[in-house]
Structure formats: structure tokens, C-alpha cells
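Single-structure report; data block below.
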Amino acid sequence: MFDRVWLNAHLATMNDGGLGLIEDGAVAARGGQIAWVGPRAALPGPAAETIDCHGAWILPGLIDCHTHLVFGGDRADEFERRLAGEDYAAILAAGGGILSTVRATRAASESALIATAMPRLNALLAEGVTTVEIKSGYGLEQEAELRQLRAARRLGAARPVSVVTTLLAAHAVPPEYKGRSADYAKLVAEEILPAARHLADAVDVFHDPLAFNDAETRLVLDAARRLRLPVKLHGDQHGDVGSAALGASYGALSVDHLEHANAAGLAAMGRAGTTAVLLPGATYFLREATKPGIAAMREAGVRMALSTDLNPGSSPARSLLLMLNLGCTLFRLTVAEALRGVTVNAAAALGLGDRGRLAPGLRCDLALFRIARPAELCYWIGGNPCIGRVLEGIAHA
């Protein structure tokens, strides 16, 4: 007997390389896993509980695979000042930009970080998100970085969601290391990373003309490899510095941004199985003209994930559904590419093979939507058709 069955529903299973649509389908769970999925007429047995979905669509629980959800303060004042014509260089000179977030994060207690992050997390959950990645990267010193990771773990314990933590201590050079990026990278590799190994599920580095160079990035990635932690990169965002190829050479789970990545690097990612995480919120908010090479990614067979990049400076986006629309309108993703980008490919970007599709043996993480067809999730701007979430076979509001 099944623990629970959802029926009178339509399914987008994400199987067979597409949406894997099943009309008038059913999903059965046992022990927190999907035990059966298919047409309702073929449902093989009874369940202790049956849920009538009244024609809703069921997708795998959505996955936001790149967020900076835990941070202190915000940068709304800078947004206002820039719109009023103030030069960004002047804002930076006055102590603004990422370092203002660093100061606010360092000053915030763990409880304060949780309190300010909770509404942001709740907004994602309300749209059907069941797994979220949360990076550090606004502490830029050992204790503040660990505090961010602890806050992220506590958020996952406080709310019905699976939280994946990523150490991004190599996000920027802190003010006390100005002009000494190599020394700071050495600190991350030799001290911060080992201290964070039991709080972090992966390690990320910002490899970019505005951040860390090849040697500094390799120093951190090599340290992560010695500690057997998976690696990721923020890369090729502000220029082509070979992040795509570098990430592929390390077998990175993902390289994220990639606005300036070259075709050879993308081809290397395709061969390595490294996922490209696309972040249209940053493209929109920063009004960037250069966009990722989607055609080259398709040609190279690169998996494409889609995420909010939720952060205070370049993508203050609390809606993964909005990213579906932006991914389609700004990057010209197809509906199938976009929806796979927040399910099965987002799972791959986090190294999670146990979710992202509706298939027997996988986690029973579901998102239910009151829509007529899956394309509506990419079509509508605003509004939220999510009517329910299921985490490991248990329904949650």
C-alpha cells in the first residue's frame, strides 16, 4: 500500500529530456520517495491517503540553485541614488557597493541574519520551491562566513525546505586585504575553508576580472578538492577569463553567470558534465547588454539551470517564477529549457541526483499549480498559481 497518492492531476515529469507530460496522471509516495508515477488509469494499488488535485498540474518541487539569501541590510538606498544620477564609482568611494553589505553582515548576529532572511525564503517557498542553495560570501572573514552558513542551516531546520549551503568566502577582497587578493585567497584556502568544511556542502569562487584570478582561484579549488568538497564558480560575468574551461577542468558542479564565456569553454563544460547556471535577474537589474551564449550551450550539450541569484546588489529577486519569464524573454530559452532549468538541471547544479524529476525512487518533492498548461509558468509576469508543496511525501503550505 502507498502512503499517499495525488490524482486527478496532470504531470510534467521532466523525464525523457523534455517536459515528460502525462495528462490525467497520478503520483504515489511511500517512505518519503516517489513509489509510482504514471496515468491514473494504470495506478496499481490503494493508498492510506488520497489527494484529489482537481485538475492541477504537478511538477517536481522547484529548485533555486544559486542564492545569496542570508545577508545584512540592503542596498535600496544605492539603487535610489543611482537612479537619481549618482555615479556608481562615487557610491563605491563613499563606502557603498558590496562592502556596505559586508559591514552590515559582519555587524549582524546569527539570529538577526535569520530574521531578515526568513521573509525572502518564505517568498520562494510560496512559489513551489522545495530546495534552495544559500551561499555565504558577505562576511569575508572566518567568523562572519561561518555565521552565514550556520544561519542558512538553521533556516532549513525552521522551515519545510531542503537547504544546500555553499562557502563563497572568495567572493570579493575584504577592505583589510585591499591590494592583497593573493593573501586573502591563501587565507580562504588555508584557514576559512577548513573551518567551514562541516557547514558547507560545496565551495564557490568568484573567478572574474573584478574578483580573483586563475592562480588565486586554483588555490581555493585545490584546497576544496583536498577536503573532498564539490566546487562551483561564479565566472565569465564581466569578461572572458576562461572560467568555463577552468570549471570544467575541475569537474565543477556548475559555472554560473557565463555572460562572456567563449564557445571552447562551453564545449569543455559539455564534455565534463558541468551545468551552466543562468541568472537573468542580474542581466535585467544591471541592464547588461551581453547575454550568455545559449546557442553555443545547446550545441555543446551543456545542461542549463536557471536561478534567482537573490542578492542585495545585482539581483534583489525573490521570485523564481519571474526568472522563468526572464529566462525566456531575455535569453530566449524555450519553455522546456526554462522549466527543466528550475527542476532537473538545477538539481544537477547542486549535485543532487535524488530530485528534480518525477520518477520512482526519487524524493517525493512536488509543486502543485493551478494552471491550464505548463507554459503559463513562463508566460505570466506577476501572480502566483502555486497551490501546494510536498516535501518528502508530506504536504506543506
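Computation of the quantities below employed the complete heavy-atom set of this structure, encompassing side-chain atoms and omitting hydrogens, waters and symmetry-equivalent molecules. The chain is numbered in sequence order, starting from 1.
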Would you find more than 12 non-hydrogen atoms of other residues, nucleotides or ligands less than 6.0 Å from [X] atom [atom1]?
{"X": "E80", "atom1": "CD", "answer": "no"}
{"X": "K291", "atom1": "NZ", "answer": "yes"}
{"X": "Y284", "atom1": "OH", "answer": "no"}
{"X": "E49", "atom1": "CD", "answer": "yes"}
{"X": "I381", "atom1": "CD1", "answer": "no"}
{"X": "R318", "atom1": "CZ", "answer": "no"}

Distance-only side-chain donor-acceptor flag, [X] / [Y], under 3.5 Å:
{"X": "S162", "Y": "R355", "answer": "yes"}
{"X": "H234", "Y": "H66", "answer": "yes"}
{"X": "S100", "Y": "E78", "answer": "yes"}
{"X": "H54", "Y": "N8", "answer": "no"}
{"X": "H257", "Y": "D236", "answer": "no"}
{"X": "T275", "Y": "N345", "answer": "no"}

Partner of V342 by side-chain contact (heavy atoms from CB on, under 4.5 Å), out of L321, L62, D64 =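 The passing option is L62.
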Can you tell which of T334, L19, L306 makes a side-chain contact (heavy atoms from CB on, under 4.5 Å) with L339?
->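 Only one of T334, L19, L306 forms a side-chain contact (heavy atoms from CB on, under 4.5 Å) with L339, namely L19.
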Under a 3.5 Å distance rule, please check whether [X] uses its side chain to pair with a backbone N or O of [Y] as donor and acceptor.
{"X": "N325", "Y": "C378", "answer": "yes"}
{"X": "S181", "Y": "V173", "answer": "no"}
{"X": "R332", "Y": "I294", "answer": "no"}
{"X": "R147", "Y": "R106", "answer": "yes"}
{"X": "E127", "Y": "L320", "answer": "yes"}
{"X": "T165", "Y": "L149", "answer": "no"}
{"X": "E392", "Y": "Q33", "answer": "no"}
{"X": "S136", "Y": "L168", "answer": "yes"}
{"X": "R303", "Y": "G273", "answer": "yes"}
{"X": "E191", "Y": "Q142", "answer": "no"}

Could you walk me through whether R298 and M304 pass the side-chain contact (heavy atoms from CB on, under 4.5 Å) check?
-> CA-CA 9 Å; R298 289 172 179 151; M304 293 181 286; 4.1 Å; yes
Quick one: do [X] and [Y] end up in the same hydrophobic cluster if we chain Ile, Leu, Val, Met, Phe, Trp and Tyr together by side-chain heavy atoms under 4.5 Å apart?
{"X": "V129", "Y": "L368", "answer": "no"}
{"X": "L258", "Y": "F206", "answer": "no"}
{"X": "L21", "Y": "L333", "answer": "yes"}
{"X": "I134", "Y": "V164", "answer": "no"}
{"X": "L253", "Y": "V220", "answer": "no"}

Do R150 and E143 meet the salt-bridge criterion of a basic N to acidic O distance under 4.0 Å?
->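 Judged by the 4.0 Å cut-off on N to carboxylate O distance, E143 and R150 do form a salt bridge.
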Carboxylate-amine/guanidinium proximity below 4.0 Å for D201 and R153 |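 R153 and D201: salt-bridged.
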Give the minimum heavy-atom separation between [X] and [Y], together with the two atoms involved.
{"X": "C65", "Y": "A346", "answer": "CB-O, 3.7 Å"}
{"X": "A347", "Y": "I63", "answer": "CB-CD1, 3.7 Å"}
{"X": "M118", "Y": "A158", "answer": "CE-CB, 4.0 Å"}
{"X": "D214", "Y": "H207", "answer": "OD1-NE2, 2.6 Å"}
{"X": "L266", "Y": "A300", "answer": "O-CB, 3.7 Å"}
{"X": "A202", "Y": "K232", "answer": "CB-CD, 4.2 Å"}

Are side-chain heavy atoms of [X] and [Y] found at a separation under 4.5 Å?
{"X": "P174", "Y": "V102", "result": "no"}
{"X": "V132", "Y": "L310", "result": "no"}
{"X": "F2", "Y": "P44", "result": "yes"}
{"X": "W36", "Y": "R30", "result": "no"}
{"X": "Y177", "Y": "L187", "result": "yes"}
{"X": "M297", "Y": "L278", "result": "yes"}
{"X": "V37", "Y": "P360", "result": "yes"}
{"X": "T343", "Y": "R357", "result": "no"}

Candidate pair V231 and R225, rule side-chain contact (heavy atoms from CB on, under 4.5 Å), full reasoning = CA-CA 8 Å; V231 299; R225 178 180 282 175; 5.9 Å; no
Residue pair E216, V205: steps toward the side-chain contact (heavy atoms from CB on, under 4.5 Å) verdict = CA-CA 9 Å; E216 294 157 356; V205 179; over 6 Å; no
Kindly compute the distance separating [atom1] ([X]) from [atom2] ([Y]), expressed to the nearest 0.5 Å.
{"X": "T166", "Y": "L199", "atom1": "OG1", "atom2": "CG", "answer": "12.0 Å"}
{"X": "E376", "Y": "F369", "atom1": "CD", "atom2": "CZ", "answer": "11.5 Å"}
{"X": "Q148", "Y": "L69", "atom1": "CD", "atom2": "CG", "answer": "10.5 Å"}
{"X": "T217", "Y": "D222", "atom1": "OG1", "atom2": "CG", "answer": "10.5 Å"}
{"X": "L233", "Y": "S254", "atom1": "CG", "atom2": "OG", "answer": "8.0 Å"}
{"X": "R363", "Y": "L391", "atom1": "CZ", "atom2": "CG", "answer": "5.5 Å"}

What's the verdict on side-chain contact (heavy atoms from CB on, under 4.5 Å) for W380 and I371, showing C-alpha distance, side-chain angles and the deciding distance?
-> CA-CA 11 Å; W380 291 108; I371 52 177; 5.9 Å; no
Using the six-membered ring wherever Trp is involved, compare the ring planes of Y138 and F71 and label them parallel, tilted or perpendicular (cut-offs 30° and 60°).
->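 The arrangement is perpendicular - the two ring planes meet at more than 60°.
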